[in-house]
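Worksheet: the structure to be examined is printed underneath.
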There are 2 protein chains.
Amino acid sequence: MAVTMRDVARAAGVSPKTVSNVMNGYPYIREETRTKVLAAIDSLGYRMNISARNLKSGRTGIIALAVPELSNPYFAELADAAIAAAGEHGLTVMIETTGADRERELTALARPRGHLVDGLLYSPLGLGPDDVDQLGTTTPMVLLGERIFHSPVDHVMIDNVAGTEAVVRHLLDQGRRRIAVIGVRPTEGMGTAAIRYGAFAGTLAEYGVPVLEELAVSGGKWHRSSGADAMEELLATGRKFDAVFALNDTLALGAIRALTAHGVRIPDDVAVAGFDNIDEASFSSPTLTTVDPNRVHIARTAVELLVRRMSGDDSDHQEIVAPYVLHTRASTLGTN
Amino acid sequence: MAVTMRDVARAAGVSPKTVSNVMNGYPYIREETRTKVLAAIDSLGYRMNISARNLKSGRTGIIALAVPELSNPYFAELADAAIAAAGEHGLTVMIETTGADRERELTALARPRGHLVDGLLYSPLGLGPDDVDQLGTTTPMVLLGERIFHSPVDHVMIDNVAGTEAVVRHLLDQGRRRIAVIGVRPTEGMGTAAIRYGAFAGTLAEYGVPVLEELAVSGGKWHRSSGADAMEELLATGRKFDAVFALNDTLALGAIRALTAHGVRIPDDVAVAGFDNIDEASFSSPTLTTVDPNRVHIARTAVELLVRRMSGDDSDHQEIVAPYVLHTRASTLGTN
């Protein structure tokens, strides 16, 4: 026999009206009452009418955040920032990972979420300009991140170009002239690696410093281990370099490990800089010079845009570039 | 007018039977076809019948993972391990965070998930033995983690006691006798901190080495910053110590930063050990001696137990302790 709202009310020791209020997400309900009602709903398996409620109001109070992977600290810390920002709007965040793979990102995009979540924060890595058509879903969505493509949805972007220019100028201003790059992806014409490498090369040109292509190495999945491997590879060539720009912090931290293991002094022999300003960059030895793309600002702006779309705002979509911050630390400045 | 399965089929250019197959999660459907159908479902806003399908089959193909926070790398890496393990069963994982707060953990537990997910992997930090009654929900659930309480659900546990004993014996075997501890929570009678500190004290007793309570300091939320602060505090007291056992790796990595900034040599002056074996522990300078609680094993075992419960297995609940691995590295052994 189907469980009714009256059964839930009886089990929770409250009135049916209170059950209804809880289910409709009314504020001003005591947390204790809410918890009791939700527990009764769950223990009685009162599913049917919750789905009915969702279908009717179109609201679940939940938004999804899709990121490539969580073992990359940048995305884990972005997720925590998004959770905090959503919490300010009374929203819960469910996180999905897509593995930075174009196929899986498209599948994630195509997954029908209407009955699960009210909106989607989506941080793709593998998608390109050709996939823009796929972004027109009925679930409200805001794009986060790094790829520059003009999409039919709101987009909060990292300032890859200006951030890279700032950190590369800093290396040049420290007198470095033979700068290795870790993490390039020569086969990708588009994407974070190409954008950061392009801005790197442009900054060198601005200073009249040649780009030494033999010092540009790939870095696999941009993990610590692939950064260490890339640095081992570079050291094995015997080529001279006085600085390394790693295209993200985990690559830089892996490179620091390999340099340290080989007795290379940082920054005396080789200065190291990264991109992301993950928490770890303030605690590594040496601490890491890096660009902070400003994930708190990104998360807060994205959630605000999404909440507006979820409320039915259908004004023109926006592209917002978050202001970066350069942090210069011991890996380029010396001292501790 | 309500969107029908036939409309979806027409938009996707497939038969209604194919749409039905995709919606019922049949294997052996080409990824391209599946993507096309899911995109059509989403663009047409075909919600109603998806919910109806969920209500009928009781399956969404999604499980939830609730962890305290993602900026703690242990939980971010555990999440990636759970995603990989769930993927082997064709399940998608949605991640929620609870902030390690008892109230929020109870709310998360009471949230009705029946219409959203098929099961729940739940890693609480704030819940205690008094909360066991709350664990009897109708959504299949497996507990992960560290608190020892006998619950009415399956539980996959970290071997806190044996893991701690192993790493503390290692410090003692290196001749260390004045061992500081970072991360204690004296007000918590139960929980990870109390269990690890108890095992630490027990191991010292086994060696006839006194526990020096003046060398036990708290470490806030067990972040890198709180580890660094705790070490600054300890150094400021002027008390002598020749080793530090940090109750997790992020505390240890923060402590290493503070020690390095003060010119204290690791391990010559002070050996440092942690707990968790996060990826970072293999790349820090020096690399960190630590206990690996075996998150891949924990995630895989928990997903397997959950899948069995989701299939209706109602045999007695199990408590499984994952086998730990001790990794001795430069922070206690010296060398690079």
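Throughout, protein chains are lettered first and strands after them, A, B, ... in sequence-line order, and every chain is numbered starting at 1.
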Nearest non-hydrogen partners of [X] and [Y], listed with the distance:
X	Y	value
A:Phe283	B:Ala228	CE2-CB, 3.9 Å
B:Leu70	A:Ala76	O-CB, 3.5 Å
B:Arg257	A:Ser284	NE-O, 3.1 Å

Legend entry - Choice from A:Thr97, A:Thr250, A:Leu253, A:Leu78 maximising heavy atom contacts with chain B below 4.5 Å: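 Result: the option with the highest number of such pairs is A:Thr97.
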Legend entry - Winner by heavy-atom pair count (cut-off under 4.5 Å) against chain B, out of A:Pro73, A:Ala258, A:Ser225: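 Between A:Pro73, A:Ala258, A:Ser225, the count favours A:Ser225.
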Taking atom [atom1] of [X] and atom [atom2] of [Y], what is their separation to the nearest 0.5 Å?
X	Y	atom1	atom2	value
B:Ile62	A:Glu96	CD1	CD	7.0 Å
A:Ser71	B:Arg295	OG	CZ	9.5 Å
B:Glu69	A:Asp80	CD	CG	6.0 Å

Legend entry - Heavy-atom pair count under 4.5 Å with chain A, highest-scoring of B:Ile95, B:Ile278, B:Asp279: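 Option with the greatest count: B:Ile95.
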Inset, instruction - Return yes if a side-chain donor-acceptor contact under 3.5 Å exists between A:Arg224 and B:Ser282, otherwise no. - result: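 Short answer, no.
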